[in-house]
Structure formats: C-alpha cells, structure tokens
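Notes follow the structure.
Only heavy atoms go into these numbers, but all of them, side chains included; no hydrogens, no water, no symmetry mates.
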Amino acid sequence: MTLSWNEIKDRAFHFSKEWMEARREEAEAKQFLIEFFQVFGISNRKVSTFEHRVKRPDTTDGYIDLLWKGNILIEMKSKGKNLDRAFDQAKAYLHGLPQHELPKYILVSDFDIFRLHDLKEERTIEFKLNEFVHNVHHFNSLIDYQKKVFKEQDHANIKAAELMGKLHDRLKEIGYDGHPLEVYLVRLLFCLFAEDTTIFQKQQFQDYIEQRTNEDGTDLAPRIQELFQVLNTPEAKRFKNLDEQLSEFPYVNGKLFDESLATASFDSKMRLALLECCYQDWSKISPDIFGSMFQSVMNPVERRNLGAHYTSEKNVLKIIKPLFLDELRAEFEACKSNKYKLQEFHRKLANLKFLDPACGCGNILVITYRELRLLELDVLRILYKNELVTSIETIVLLDVDMMYGIEYEEFPARIAEVAMWLIDHQMNMLISNEFGLYFARLPLKKSAMIVHGNALQIDWESVIAKVKLSYILGNPPFVGKSLQNAEQKSDMEKVFTGVKGIGVLDYVTAWYLKAAQYMKNTKIKTAFVSTNSIAQGEQPGILWSLLYNLYKIKIHFAHRTFSWSNEARGNAAVHVVIIGFANYDTTDKKVFEYDDIKGEPHEIKVKNINPYLVEGKDLIILGRTNPINKVPSMVYGSKPVDDGNFFFTDEEKDEFLSIEPSAAKYIKPILSSHEFLNGKNRWCLWLENANPSELKSMPHVIQRLEKVRIFRENSTKESVRKQAKTPSLFSEIRQPKDNFIVIPQHSSETRIYIPFGFFKPSTIVSNSCTALPNASLYLFGVLMSIMHMTWVKNVCGRLESRFRYSNTIVYNNFPWPESPTEKQIKSIETAAQKVLDARAAFPESSLAVLYDPRSMPPALVKAHNELDKAVDSAYRSQPFVNEANRMVFLFELYERYVGGMFVEVKGKGKMKALV
C-alpha cells in the first residue's frame with residue numbers, strides 16, 4: 001500500500017501517542033514493531049522475520065529481534081538500557097549474515113529513544129518517540145522500497161500467433177510465398193481484429209466465410225479477393241448489384257487493401273484453419289501481438305539475420321515508464337484539480353512526438369500510444385465530468401500521426417502501420433463506452449509515419465525534424481561483433497567514421513551514436529534496450545568516451561542486467577539492459593536493480609549513473625598494459641599453433657610412451673580452461689631447452705615435429721611461417737618460471753566465484769588461460785573474493801553471457817586494498833588457505849562441480865564467506881550492503897589510483913595445497 005506523506009505523518013503521530021500512553025514494555029516488542037511498520041503502510045510479515053537466528057563471531061547462536069533482509073536490522077531493548085551496547089550487538093550479528101542479507105540500516109531502540117544507523121552513509125540519527133512524526137523522512141528506504149511489477153500479457157496472444165502460423169505454413173506449402181503472402185496475412189489479421197473490435201459488425205468476416213464459401217475451400221480464395229476489393233472501395237463507388245453481405249463491409253482506406261495480389265488457393269483444411277482463427281476472440285488481444293505473430297511465422301535463421309526480435313508488453317513498460325510515462329502521470333496528478341492547467345496538459349500530450357528507429361512490427365509504438373490514450377481518457381473524464389459531450393471527435397486530441405518509426409524490412413513496417421490503426425480504434429471504443437457515443441475513425445485518414453529503410457543509413461531528420469520530436473525509444477537489433485554481416489559492418493563504419501576500435505562494438509551501439517548526433521541541441525530523451533555487453537568490458541570505453549566528450553550525454557535511468565524474453569514461439573531469452581539518456585543532466589536519476597535477473601526490479605534513486613550502470617562518477621575503464629597497483633603482471637598462457645601434434649590424452653600419452661619411452665621427461669601436463677575447470681588431464685610435448693641429440697634419437701617425436709613444421713609453412717600468416725624453422729617450440733612461450741595462479745579466460749556467469757588455482761611451473765598453461773606469476777596466498781585470496789568478483793561482473797567482457805576475463809580490462813584496472821595492515825594480510829592468507837583446504841577435501845570433484853551454486857559444498861561456502869569478510873575488512877571496516885555499494889566504492893578507489901596514488905600490494909604467504 002502506497003501512502004502520502006500526510007498519511008504517514010498522521011500514522012506516526014498516533015503510533016507515538018498510543019505507545020507513550022500505554023507504557024508497554026519489552027515483552028511486547030513484536031507488537032511494537034508490527035505497528036511501527038504499519039506507519040509506512042508495510043506488512044512486515046511479508047518482508048521481514050522476527051527472532052532471526054544467526055551465528056555470532058564466537059560461533060554461539062544469536063537472535064535478531066527483526067531482520068528485513070537487505071534493508072534493515074532492528075534490535076529492541078528495555079527502556080533505559082545502553083543503546084551503544086545494543087548497536088555493538090547488532091553489528092556482531094552482521095558477520096553471520098550472507099552477503100545478500102546484509103542490511104542498509106541498523107535501528108536500536110528502548111521504546112523511547114530511536115537510534116538509526118545508516119551503514120552506507122556512515123551516519124547516525126537519534127530522536128525520541130514523541131519526535132517520531134518529525135523524523136519519518138529518515139526512513140525513506142522503507143517507503144521507497146517498492147517492487148516494480150509489470151504484468152505479462154494473456155496467453156491468448158500466444159494461441160492466436162500459433163493459429164496464424166499454421167495458416168501461413170500451409171499457404172507457403174502450396175507455393176503462395178514472398179511479398180504476396182506477407183501482405184495477404186496482414187490483411188487477414190486486420191479482418192480478424194476488425195470483426196471482434198467493432199470496425200466490422202460482430203462476426204461479419206466469419207459469417208461471410210461460413211455462409212458464402214464452400215466447405216471444400218475451392219472458392220474461398222476468390223471470395224476473399226472480392227472482399228479485399230470491397231474494403232478498398234468507397235461505398236458510393238461500389239457496384240450497384242454487389243452481394244448484400246459484401247456491401248455491408250465498411251470502406252477502410254489507409255492503402256491496406258490497395259495493392260493488387262495474385263489469387264491464393266485454399267482447400268478444406270485451410271478453410272477450417274482460417275475459421276479456427278475466426279473463433280478466437282481477437283478483442284482480448286492487444287495489437288502489439290502483431291509483432292509476436294510475425295515472429296511466430298518467421299524462420300529462426302532469418303530472424304537473427306534481420307535482427308527481428310520482439311518486445312513483450314511487460315518489457316515495453318520498463319522502457320516507457322521511466323522515460324516519460326511516470327513523469328506525465330505525476331504531472332497529471334499535480335494539475336488535475338486546475339481546469340486551465342489540465343487543458344494545457346492535454347494540449348501538451350497531443351503535441352508529443354515519438355520515434356522508434358528500429359520499430360519492427362511496432363509493438364513499442366503501439367503500447368506507447370495506448371498508454372498515452374489511457375492518460376488522455378483520464379484527462380477527459382475530469383474535464384467533461386459535469387458537461388454534456390455531443391461529439392467525441394472534437395474532444396479527442398491524440399492521433400496515430402504522433403508516432404514515427406524506421407524499419408529495415410517492408411513487411412513488419414506495414415504491420416506496424418496496421419497495428420497503430422487497430423490500437424487507435426480500440427482506444428476510440430474505450431472512449432465511446434465512457435461517454436456513451438460511438439466514435440470510429442473510418443475511413444482511415446491519418447497514419448503513423450513508418451519509413452521502410454536502414455535506420456543507420458538514412459537521415460532521421462528526413463523522417464521527423466528533431467525540433468518537433470519529444471522522445472526516441474526502441475529495441476535495436478541484438479547483433480554481437482562476431483555475428484555482424486558485411487552490410488552491418490558497413491553500417492558501423494559509416495556511423496563511427498574515424499573512430500578507432502569499433503570492431504569490438506555490438507551493432508546496437510550505432511543507434512546510440514545516431515541518437516546522440518540527432519539529439520544535439522534539443523531536449524529529446526532516449527531509451528534503448530541493449531545486450532548487457534555494451535555496459536561491460538571494452539565497449540563502454542569506446543562508446544561512452546564519444547557520447548560523453550562529443551555529445552555531453554548523461555544517463556538518466558538504467559535497468560541493470562535482467563533476462564529479456566517475449567511471448568512468441570521459442571521465447572528465447574537474452575541478458576539485456578535498458579539505458580535512458582539525454583544531452584542534459586537531471587537530478588532525478590534511477591537505477592533498477594534485479595536481485596534475480598528473471599524477477600522484478602527494485603528502484604534505487606542515485607546521484608549519478610556511470611557507463612557500467614552503477615552509481616558513480618562518469619568514468620570509463622580502458623584497457624591498459626600494466627596494473628594500476630604494484631602487483632605482478634598477468635600473462636597469457638603459451639600458444640602452440642601445432643595442428644594438435646604437441647598434445648595427448650591419457651590414452652594417447654601411454655600409447656606414445658610405449659613406442660617412445662625416452663620422451664617421458666618432455667611430456668608435461670598442460671592446462672586449458674576446460675581441463676582446469678573440469679578436472680581433466682591433458683598432456684603436451686614441451687621441448688624448450690631440449691637436447692638436440694636426444695630429439696634426433698626419438699623418431700616418433702621427430703615425426704610429430706615434421707607435421708608441425710609443414711602445418712606452419714602452409715599458414716597464411718607470415719609470422720607463423722617463420723616459426724616453421726623452430727617446430728619443436730610452441731609458437732608463443734609465456735610459461736611462468738615459478739609458482740603461478742591460473743585464471744580461466746571464460747567461465748559460467750552462474751558461478752558466484754570464478755575458480756582460480758595455484759600451480760607449479762612444471763604444469764604448462766595454455767593460451768586459453770591467463771597466469772599470474774610470483775603467486776602468493778594474499779594475491780590469490782583477494783582475487784578469489786566477492787570484492788574482485790563484483791569488479792569482474794561489472795567490468796569484464798562477455799562471451800554470450802559467460803564471463804570473459806582479460807588482464808588489460810579486468811586485472812590491470814582492479815583496485816587492490818589501499819594500505820592493508822600486516823594483520824589484515826595475514827587474515828586474508830589464512831582464509832585463502834582454508835579455501836584451498838576446502839577444495840582439497842573433495843578430490844573426486846572438479847572445480848566446475850565445486851563452484852556450481854547448486855552443488856557447492858557447505859564447507860567451501862563457509863571458507864569463501866570467511867575470505868570475503870577478511871578481504872572486505874582490508875578495504876574498509878564498514879560492511880558492504882550490496883553489489884552496487886561495492887562498485888561505488890571500487891570506482892572511487894580506482895579514481896584515486898589512476899590519479900597517481902599507486903599502492904604496492906603486500907603479501908608473500910606460501911600455499912599449502914596446490915590445486
């Protein structure tokens with residue numbers, strides 16, 4: 001329940017008064033807290049637990065009076081008791097809580113005095129019970145913590161799409177294909193909607209098919225062709241002897257039925273399939289389903305090539321609510337009691353213009369228009385509450401020509417136009433019901449401006465002048481750098497003319513730059529859905545340096561990574577972000593954080609949003625060749641370039657040594673990411689510094705080296721051909737000479753920690769891993785901590801959704817603890833060794849199994865929790881309440897380091913267990 005400030009203050013006053021008069025004691029602490037939460041309209045039973053059991057640092061059990069996980073911890077004491085001790089007791093409880101349960105606030109009270117500790121801001125507020133009404137604003141976190149829920153659409157949408165898919169498939173089978181089939185389906189879709197939404201009479205299209213066509217379907221195609229002609233002809237120009245049932249259909253116009261098509265062909269099954277579509281109630285389906293319908297009948301390969309992915313209503317609302325709708329709704333609430341201001345607001349709505357430069361079938365524009373018309377309806381209800389309305393046409397100001405789009409493919413562009421007419425008609429029917437007058441815009445006179453073309457090649461001002469536009473929004477194609485075709489690469493080169501390093505950018509980034517160029521010297525606001533990779537790794541450094549420096553772009557809101565899916569067949573999900581931005585600043589910035597990427601977000605108000613979509617200054621992390629701290633440099637493993645001739649499985653090794661036993665001392669274990677994570681063995685010939693005479697005496701080794709030589713000689717790369725002269729050596733040798741930490745370059749995003757491991761130089765590390773020479777337990781401990789993992793998650797690149805760890809972006813930029821004490825270093829080393837010991841207790845389990853969140857042993861979880869706390873303490877004494885809080889701290893520390901305050905990292909602890 002959401003309460004106004006006046007309601008909250010009124011409740012706070014009565015709460016204070018009742019408890020001061022009652023003089024109740026500690027025995028009623030639970031009731032006290034229940035009523036305390038009710039002040040803010042919150043049922044604490046839904047968000048918190050009483051007497052929450054937790055382990056104290058001394059391993060004894062403690063009981064928190066009330067814990068709202070991730071928000072607030074409350075400890076109650078009898079009147080007059082020492083609240084300092086109560087606070088110390090509460091802080092001790094923090095050590096027994098998992099990371100995600102750590103609170104932002106600690107409240108201690110003796111029923112008379114309230115002491116609220118803000119753990120993030122490190123400040124304390126104290127007041128008495130009778131002053132509560134004047135201090136409720138300090139509990140903003142309780143008021144602002146509201147889940148943003150977006151309803152999914154009805155499953156009827158999916159059923160309708162599947163029915164049309166069947167009809168499409170059958171028409172295609174008989175040879176009715178290409179452009180005629182696309183237009184034919186759009187027309188049928190319009191007719192199906194029209195008969196259930198009062199554009200036609202109820203069941204008019206269905207009756208026509210059932211009553212005027214044969215059951216075998218042989219005459220259905222010419223009958224439909226005749227109907228299409230009628231729908232395109234004004235009543236006054238129709239034949240005088242036209243079939244009575246046909247003559248009752250209205251004139252539609254809008255050029256939907258203008259084009260002459262070849263006559264299709266139907267049989268009895270196809271006729272039944274079309275009638276089955278008629279039996280669906282299309283009035284319950286939003287016109288934005290046109291997009292999902294189109295997707296449901298497309299070939300998946302074509303869908304990827306065209307970038308034609310679709311956006312569910314639930315996800316569209318995540319774009320439009322923070323971009324403009326929430327603001328417009330708030331403005332409406334503020335002016336609805338003043339008729340003059342409300343009329344001005346109505347005119348403002350009518351003058352808004354929207355552009356989707358990757359509109360597909362128009363579902364974002366459809367839902368945007370629907371929400372605006374619903375807002376207009378609320379306006380009209382108030383303006384004409386006590387007035388007699390004789391003509392709806394004169395009071396409705398919004399029309400579909402306020403919507404603009406650009407679409408690469410012709411078919412979805414035409415669908416978008418039709419979808420806009422249909423949603424307009426549905427909204428007109430809603431207003432008709434409200435005022436008791438029928439209002440329909442037939443024949444169609446205005447339409448959305450949907451341009452068929454390449455949005456990255458055309459001038460957006462040729463679609464709509466930027467001085468007229470209010471908002472840009474959309475869901476541009478999800479095409480990673482490795483999946484771009486020749487045309488898309490050409491688009492990127494044109495948009496990013498003269499910019500270096502664009503080869504790493506996703507295709508969607510071109511829309512960001514085009515929007516920034518178009519928005520210059522305007523107040524236009526933009527929001528795009530994008531794959532989350534544009535806020536990770538190398539891409540922010542290239543994209544946002546342009547947007548910041550050349551176009552002064554500021555991020556206004558952001559949805560951090562969540563799982564994006566839709567309602568169409570297949571329902572493939574990707575990990576995305578939504579970024580809202582403009583070329584001017586605002587004080588109202590919001591980040592939508594997802595505790596579960598498949599769940600609902602909660603909103604966090606922030607001062608600034610950086611390109612990694614966390615609170616912090618506008619900075620970018622660029623690749624660098626050396627670490628920002630004085631730590632060992634990380635190197636890539638050795639690269640073979642051997643066509644597999646250096647390598648052996650266990651069986652191949654044994655077989656090879658049976659015929660070449662002298663090679664035993666030259667065969668070494670070798671690590672790739674796969675072997676390391678999955679506990680597999682792999683072996684290689686490592687012939688660095690090998691005695692030439694010994695090599696010559698091993699014919700089977702020489703045979704393999706000859707194959708390496710030939711393979712390299714035939715390479716298209718000159719550098720590889722030169723290495724044919726040294727076939728006994730790996731192409732690139734970077735093997736550490738002492739103990740090292742191995743880091744897999746790619747790791748599953750589902751792991752809480754990327755497993756790193758200690759190795760001796762007798763194990764060769766391949767180029768699918770990186771290695772950190774001069775390894776110490778302290779270095780290992782910090783790298784295996786949640787602090788480092790938070791940095792990895794936010795800064796590293798991705799392969800699909802998997803982590804892609806790099807030395808240049810991730811490791812070299814990682815801010816290590818600034819000045820850890822010897823005690824803190826020792827604590828980290830001890831905890832790091834416990835992690836190694838916990839792993840060693842499960843010799844039969846691979847790291848992939850041990851670090852799968854579903855099978856991670858409790859002993860290993862405990863060891864990591866202890867390591868996390870030890871590392872956190874080396875950064876600061878105050879606990880970190882969440883991931884965003886950690887990133888704010890790390891970015892601030894990073895800024896200090898790159899400003900010249902470099903720190904030498906200590907710690908030379910020896911490891912007891914080698915993994």
Task: Salt bridge flag under 4.0 Å for residues R751 and D852 - done: no
- [ ] Determine, step by step, whether Y851 and H864 satisfy the ring pair (Phe, Tyr, Trp, His ring centres under 6.0 Å) criterion, reporting the C-alpha distance in whole Å, the side-chain angles of both residues, the deciding distance to 0.1 Å, and the verdict.
- [x] CA-CA 11 Å; Y851 282 88; H864 269 286; 5.4 Å; yes
- [ ] If the plane angle is over 60° it's perpendicular, under 30° parallel, otherwise tilted; pick one for Y548 and W544.
- [x] tilted
Open item on the list: Here's one to test your reading of the geometry: is the NZ or CZ of R734 within 45 degrees of the ring axis of F730 and under 6.0 Å from its centre?
Closed with: no
Open item on the list: For the aromatic rings, using the six-membered ring if either is Trp, is the centroid distance between F756 and F780 under 6.0 Å?
Closed with: no
Task: Residue pair H746 / S673, side-chain heavy-atom distance below 4.5 Å - done: no
- [ ] Using a strict 4.0 Å threshold on nitrogen-to-oxygen distance, state whether K668 and E688 make a salt bridge.
- [x] no
Task: Plane angle bin for F740 and F759 - parallel if under 30°, tilted between 30 and 60°, otherwise perpendicular - done: parallel
Open item on the list: Please confirm whether the ring centroid of F562 lies under 6.0 Å from the ring centroid of F592.
Closed with: no
TODO: Check the side chains of D506 and Y512 for a donor-acceptor pair under 3.5 angstrom, ignoring hydrogens and angles.
DONE: no
Open item on the list: Holding to side-chain hydrogen bond (donor to acceptor under 3.5 Å, both in side chains), I want the full list of residues that pass it with D118, two or more places apart in sequence or in another chain.
Closed with: none
Task: Validation row, ring centre F891 to ring centre W791 under 6.0 Å - done: yes
- [ ] Please check if any side-chain donor atom of H559 sits under 3.5 Å from a side-chain acceptor atom of Y594, or the reverse.
- [x] yes
Task: Residues N807 and T770: side-chain donor-acceptor under 3.5 angstrom - done: no
